[in-house]
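Shown next, in structure tokens, is the structure this report addresses.
Along the sequence shown, the residues carry numbers beginning at 1.
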Amino acid sequence: MMRKYRVFFSLALAALLTVSTGGLAGEKKISLTIGSNITTAHPAYAVIEELADELFKQSNGSLEMIIAFSGAMGGDREITEAVMNGGLEMMYVADIGMNAVIPKIAYVNLPYLFKTRKEAEDIYLYGWMGEKFKQTCLDHNLVVVGQIMENDFRWMSNSRRPIQKPEDFVNLKMRVVENPMYVKFFEGIGAQPVGMSISEVAPALQQKVIDGQDNGPVNTYTYGFYEFQPYMTKTNHAYAGIMFSINKDVLENMSASQRTVFDELINKYSAICYDNIKKAIDQQCEEMEARGMKILETTPELSDYMLEAAKKVWADPNVTRLYDQDVMARILAGDFAP
């Protein structure tokens, strides 16, 4: 008799799962390998693990997210190209990594484009600029899903001296993203830019190939760059976003039920990711200071000097000719209204 009850309970549970998951039982299985260069120490990583678990549970096993982080799938360029071409299903990559493949979107990383997080949220993350960004990505077979999140304002750090005035940049060998925009900007402030991928930065700092770099506090902490440079200045000289993107064909191959589960969870967990990143900034600054790093405020003199160099980058058609020209016209006209 007990065995009959167990069979009945199992059948009832299966029926309940089918109803509660919107008919997901028996759906075709879709594997979503997600690539990224962030490390397991990044504040988003644990959240993405939870997202993967929930996707599997709520889809009754039909959506399986496989996490391939810490550069397991290559650099940002390789990951972006793979998702565009369908060799990889998803990615968690910053906009600055994506614009190496899609230069039309690079305007979002122009130096001194946004003065505050609120301004970046109103104009980019939740505003008109973000909509333009998403449409261009869609034109390249990438769908930005969930919300666009912050990936730090960029700060200056180095092993030689505190940066507080313009002359402090002289002869500083600074790692920059391999992008003409940043090369020109760093040349404009008097530093010596050295282009390299983020995976090369820690050994280059350790071996004194470079003096410094310009990631924000989250990346500086999670990649361990602070171990090799005692000085950081809150220059806020450029803003970076980060987001979940998925291959358009993969997304469209989901059933209606799978898509409902996917959309609900990606929206929920991208919001949690963003909250975790914002909270981590102060926490990780405290940790770096406890380990000996001096984190300094910028100075009006330094900010004014860097802003002038930034404006020259904005106005240089040799740098911005591949960017979305409608957006560039608004930027140059100061037309940032949401």
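The nearest pair of heavy atoms linking V218 to A280 is CG2-CB, 4.5 Å.
Using a 4.0 Å cut-off between charged nitrogen and carboxylate oxygen, K294 and E289 do not count as a salt-bridge pair. A salt bridge links K234 with E297: the distance from a Lys NZ or Arg NE/NH1/NH2 to an Asp or Glu carboxylate oxygen falls below 4.0 Å. For the pair D263 and R259, the salt-bridge criterion is met [side-chain N within less than 4.0 Å of a carboxylate O]. Taking a cutoff of 4.0 Å between a charged side-chain nitrogen and a carboxylate oxygen, K118 and D122 qualify as a salt bridge. A salt bridge between R291 and E287 is present, with a side-chain N of the basic residue lying under 4.0 Å from a carboxylate O of the acidic one. The pair E252-K248 meets the salt-bridge criterion, since a charged nitrogen lies less than 4.0 angstrom from a carboxylate oxygen.
Panel note: side chain Q135, backbone K132; no donor-acceptor pair is recorded below 3.5 Å.
We find the CE-CE distance between M243 and M98 to be 5.5 Å, quoted to the nearest 0.5 Å.
Side-chain atoms of Q213 and S157 include a donor-acceptor pair closer than 3.5 Å. Judged purely by distance below 3.5 Å, without hydrogens or angles, the side chains of N109 and N99 pair a donor atom with an acceptor atom. For the residue pair Y274 and E121, a side-chain donor N or O sits within less than 3.5 Å of a side-chain acceptor on the partner. Checked by atom type, the side-chain pair N158/D211 shows no donor-acceptor distance below 3.5 Å.
A centroid separation of less than 6.0 Å is found between the aromatic rings of F244 and Y92.
Within 6.0 Å of atom NZ in K278, more than 12 heavy atoms from other residues, nucleotides or ligands are found, so the atom counts as buried in its surroundings.
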